[in-house]
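Each chain gets a letter, A, B and so on, in the order the sequences are listed, and its residues count up from 1.
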Amino acid sequence: MIGSAKPHELADELIGRAGELAAAVEAGASEVASLDALAELERTVVKGALAEVKKGIKAVDGTDRARVGQALSAAEARAKAAIEVRRHAIAAAQRSEAHERERLDLTALGTGYERGHLHPVTQVWRELEDIFLGLGYQVYYGPEAEDDWHNFEALNFPPGHPARAMQDTLYLEVGEAESTLLRTHTSPCQIRLMESQPPPIYAVMPGRTFRRDTMDARHSPVFHQIEALVVDRNVTMGDLMGTIDVFFRALFGPDIDARFLPSYFPFTEPSAELGVSCPFCERSGCRTCSNTGWIELGGCGMVDPNVFSAVGLDPQEWSGFAFGFGIDRIPLLRNEIDTLHTLLWDNDVRFLNQF
Amino acid sequence: MRAPLSWIRDFTPITAAPADIADALNQLGLEVDAIDEPGREINGVIAAKILDIVAHPDADKIRLADIDFGSGQLRVVCGAPNIEVGMVVPFAQVGAVLPGDFRITKRKIRGVVSEGMLCSGKELGLGEDHSGILTLPGSAELGSDVREILGLDDTVFELSITPNRPDAMSIVGVARDLAAHFGMPFEIAAAATGTVRDSIDDVRVVIEAYDRCPRFVARTATVVMRESPAWLQRRLTLAGMRPISNVVDVTNYIMLERCRPLHAFDLGRLAGRGIVVRCADDGEHMTTLDGVERQLTAADLLICDAARRPQAIAGIMGGRDSEVDENTTEILIESAYFEPSGIAKSAKRLGLRSEASARFERGIDPNGAMDGADAAVALLLDVAGAVGHESAIDTYPNPVERPRITVRTARVNAILGTELDGASVRSLIEPLGISTTGDDAEFVALAPTWRPDISREIDVIEEVARRHGLNNIVRTVASAPAGTVGRLTHAQRDRRRITDALVGAGYSECLTLPLVSVADLETVGAPIDSVVRVANPLRAEESVMRTSLRAGLLGAVARNCARGNPDVALCEHGTVFFAPLQGAALPDEHIMVSGLRAGVLRLAPRHADRAVDVGDAIDAVYAIASALAIANVVIVNAVVPGMHPARGARVLVSGVDAGVAGQLDRDVLAQHGIMGSVVGFELDVNVLLAAARNDQRFQAVSVYPPSNIDLAFIVDDGVPAAKLVNTLRANGGELLESVRLFDTFRAEQLGAGKVSLAFALRFRAVDRTLTDEEVSVIWNAAAAAVESEHGASLRR
């Protein structure tokens, strides 16, 4: 059929036929709904009929060959493009259907995994440690059951000293009567630290402490304190007060002032009560500070020479300061927790999970 | 300590406002707890005299009183039964204000208009007496403000005095500090003193225990017993003491004013008109003023009569036998100095703390004893018509001298961080009664004996700090020496990691009381044979130290259950206590970590909800081990007290027994009213820390593919899977990367008492892809080892 026609007729016929096939692929592809049907169209038309037409180019006259070759390539490109466009369209539709089938309501999820919570006292405890670590201090923990020497005598509370009566002590049935006790403060850690390492000492000592108290909104037989001790050459009361300033600003914010009122502790002299300007009302007076503008937090002072002597340090060579306060007070204030009992011993998960 | 401002002004003419005085007291270390102004709420109440009383026309119990209030006369209606013509009474005019913001208006009472009212003590806020109208002194000027007449215009400072300052437990001590602070003069007027000799007529004093009673002054006087005058009663009341009789009130007055506790004996009731100061005999007893029979020991000091019969427990409380009463005519006043710690011990043992013992045990001025006795006698002349016997007995063989303290100005500045010169230092302390001699650079300070807290250089430095003002010291920061860093030790950091691992695993951290009862411990199966007991517990529930954290944690689980939170995971990291180890003095403390998981794991809708099971407890143990990079954890099935007998285990960490894990026994839960399951663990933190690794060496990660093989064994039920894992590991060689138990099942076809355990083994080499042949040689050998060691058979 093709071979014996007039030279130009053959070329025109091939070109026309290829154009028709390309148009047929374009039309057919748009009607095909599945990738399989599209593959069939590609097989029968592009790889079948159109490939047949291309074979006819061998019979075309040399002068027409370039023209025919270009036209056939263009037709083939049209057909392949139509197939590809359709293939992408079908694939996109299928992906979209699949996504729709896989649709989830994310608002109904996210309840399976529950992390626990660090106790608010632990959170503050760590924060306090971290501030002191930043000041270059070490952290030290001592035993909770103590002997009279560390808890009292070495701290300049001789037997019968009236200041002992200030601390209602829980004694243990260990050894001689009243020889072993539950530490009434973290200060015995000062003695243990000075007994165990030479100065200079820059240390902070958080811990659990005990008093013979009935539990109520403000009291607990067991509570937490933190104590700081510095022993070095030429340490002054000014250093003590400045360090406390820096510390409380780190804890409560840059506008906090520390206040010092003379007081008495057997193991420090001079001694002072330490308070901070109320972080809640900026000293204008509020319920938290009982309208005084100040919150009393703890005690401090210069290490008494008798304490240095008790641990074998020369008070003429070394000086130092110590300060301490209750840890529990911080979350009580900061998180506005109503009672000490709620904070410390209730352990209701609805409380614990708030922090 | 309550200090009325008017009383303070007896010694120093302070004019500062009460708020400024309170601020000064705080700066001085005499902490102000409260400022009490009793008359603040009274306004417009004046003194009036009753001129006439007539009956009310329409009422029996109500009368009409005609009164003169200085600037005028009025008729008021009064319902009180005690009014009499001539009485001077408080009159609240129309417009006056009484406590509670009660305003007086013109009122018609049963048809008669009353222009104001007469007031009872209660209406003025003075106690609870509402039985009648308050009587004012007849000498009161009519029309003058009752606040002045009653001393209600005073300001009372309620002070919290630290135990080092017995001198400040007195008006004089407070006044002295304030005078120094405000730069005002301070003076105690001298009382007339009598001739001192060792006997007064026939009265004798014998001290048998000078170490306990270094000084004893006795003065005698003839008195007329009656009520104290109003001013004296008022001061005592303002200071917080109840007036009793003129003689007793005078002794209390001198104690409050000068920190000089005195005791007045009825001389007529002292056998032999004499005093013997001696220690009690063990088993001796006496009845004190409060009517209580006191059992004494040889450590108690007694004031006895000449017949050696106890008349007072020295420094603590008088006895009933020689108590002054309305029939007393002759008294002996004791003004003594007792050794402080002896008084403290007796008061503590007897559980008897009095105003006197509180002062004696802190240390009063031994050198002020005579002045105190004299002041008392002088006051008694005034208020008890006393005839003071012009003599006194003073037994004081070894007078206490004022401490001589060398003070270096450079040292003062070195401790305080100040730059004071010597003259400034001396001028700060001299107004406190500390006299100084010598150079400014180094001087001798002579401390007053009323300040037992001043005996060393540092004590003087404290006084300088107090007077200079702590808030005037320039604040500097001490920094740790160069080259040191602040850091947690490995152990401290790892302890944080343990709790963090549990929090990550869903456990919320608790704090539970370390004070528990034996029953609490027995319930959870905690050891009680080496429990440490509290010697003086307040409650039986807090009578021993915990030996396990599980007691407290289970209590917390139960409390949560009872409140409708049954599905909880709680943990604690804390100390437990056992009796001291051989050769140790202190209890054996262990830091433990424990977790309990209870109820149901709520996983729906994504997965099915399920009850917690013992595997959750084991998971938590592995979570901790993983956080500490501990590889060697072995779970050994074991019977654990308090746990389900077939669902408990001991946990070995690097071969050391670290604690337990398992499911809590139903009986234990039933005792706490818990219905669901509870599983948990408790581990010794120090065992964990010892095994924790901080030195991991890098191991190359293979890039070659693994070779996986699953092996299932049929083995006698009861052979721990962990043992098969160990055997597989031991025989798997270096190429065995991991072993994981992935299936267990029991079925009839396996045979009775048999279980199938299936393990996934993964092999891999660092340097090549393994061939099936070399892997099969290894796993065949490993499987054979399992078969022979555990009586297992490999399922093919």
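- Chain B forms the most heavy-atom pairs under 4.5 Å with one residue out of A:V235, A:N306, A:N353, A:L181, and that residue is A:N306.
- A heavy-atom distance below 4.5 Å is not found between the side chains of B:T575 and A:R208.
- The part of A:E178 that comes within reach of chain B is its side chain, from C-beta onward, which places non-hydrogen atoms under 4.5 angstrom from that chain.
- A:T169 and B:N536 make their closest contact through O-ND2, 2.9 Å (heavy atoms, listed as atom of the first residue, atom of the second, distance).
- For A:P143, the parts lying under 4.5 angstrom from a heavy atom of chain B are both the backbone and the side chain.
- The contact between A:V121 and chain B is made entirely by side chain atoms (from C-beta outward), counting heavy-atom distances below 4.5 Å.
- Counting all heavy atoms, side chain and backbone alike, A:L261 lies closest to B:N26 at CD2-O, 3.6 Å.
- When the candidates B:D453, B:T484, B:L502, B:L28 are compared by the number of heavy-atom contacts under 4.5 Å with chain A, B:L28 comes out ahead.
- Neither the backbone nor the side chain of A:H150 comes within contact range of chain B, judged by heavy atoms closer than 4.5 Å.
- A donor-acceptor pair under 3.5 Å is formed between the side chain of B:E589 and the backbone N or O of A:E144.
- Taking both residues in full, the closest heavy atoms of B:E462 and A:S263 are given as OE2-O, 3.8 Å, listed atom of the first, atom of the second, then distance.
- With chain A as partner, the option from B:G342, B:A535, B:G417 having the largest number of non-hydrogen pairs under 4.5 angstrom is B:A535.
- A donor-acceptor pair under 3.5 Å is absent between the side-chain atoms of A:D348 and the main chain of B:R559, judged by distance alone.
- Residues A:M302 and B:I461 fail the side-chain proximity criterion, which asks for heavy atoms closer than 4.5 Å.
- Residues of residues 126-133 of chain A having a heavy atom under 4.5 Å from any heavy atom of chain B, listed by number: A:R126, A:E129, A:D130, A:L133.
- Side-chain N or O atoms of B:N560 include one that pairs as donor or acceptor with a backbone N or O of A:V349 at under 3.5 Å.
- Most heavy-atom pairs under 4.5 Å with chain A: of the set B:T489, B:V557, B:D459, B:L601, this distinction falls to B:D459.
- The residue among A:D213, A:T122, A:V246 with the most heavy atom pairs within less than 4.5 Å of chain B is A:T122.
- Two residues are said to be in side-chain contact when any heavy atoms from C-beta on lie closer than 4.5 Å; A:M237 and B:L470 meet this criterion.
- Once rounded to the nearest 0.5 Å, the distance linking CG of B:D567 with CD of A:E114 reads 9.0 Å.
- Contacts of A:L352 with chain B are made by side-chain atoms alone, with heavy-atom separations under 4.5 Å and no backbone atom involved.
- Top candidate by heavy-atom pairs under 4.5 Å with chain A, chosen from B:G506, B:P537, B:A505, B:A579, is B:G506.
- The part of A:V174 that comes within reach of chain B is its side chain, from C-beta onward, which places non-hydrogen atoms under 4.5 angstrom from that chain.
- When all heavy atoms of B:Q492 and A:Y140 are compared, the closest pair comes out as NE2-N, 4.1 Å.
- Looking only at atom types and distance, the side chain of A:N347 has no donor-acceptor partner in the side chain of B:T512 under 3.5 Å away.
- Of the atoms belonging to A:I201, not a single heavy atom falls under 4.5 Å from chain B.
- Of the two parts of A:A203, neither the backbone nor the side chain holds a non-hydrogen atom closer than 4.5 Å to a non-hydrogen atom of chain B.
- The residues A:D304 and B:R456 are annotated as salt-bridged, a charged nitrogen and a carboxylate oxygen being separated by less than 4.0 angstrom.
- The candidate with the highest count of non-hydrogen atom pairs below 4.5 Å against chain A, out of B:M545, B:R165, B:E457, is B:M545.
- Looking at B:T476, its side chain does come within 3.5 Å of a backbone N or O of A:D239 through a donor-acceptor pair.
- Looking at A:E273, only its side chain comes within 4.5 Å of chain B, counting heavy atoms on both sides.
- Ranked by heavy-atom pairs under 4.5 Å with chain A, the first of B:G469, B:P514, B:G363, B:A569 is B:P514.
- Between A:H117 and B:S508, the shortest heavy-atom contact is N-OG, 3.2 Å.
- Side-chain N or O atoms of B:R475 include none that pairs as donor or acceptor with a backbone N or O of A:D245 at under 3.5 Å.
- Only the side chain of A:F321 comes within contact range of chain B, with at least one heavy atom under 4.5 Å from a heavy atom of that chain.
- The shortest non-hydrogen separation linking A:W345 to B:L511 is CE3-O, 3.3 Å.
- Although no hydrogens or angles enter the test, the distance criterion places no donor-acceptor pair under 3.5 Å between the side chain of B:E509 and the main chain of A:L118.
- Proximity to chain B (any heavy atom under 4.5 Å) is restricted, for A:T180, to the side chain, taken from C-beta onward.
- Counting only heavy atoms from C-beta outward, the side chains of A:T236 and B:L416 never approach each other to under 4.5 Å.
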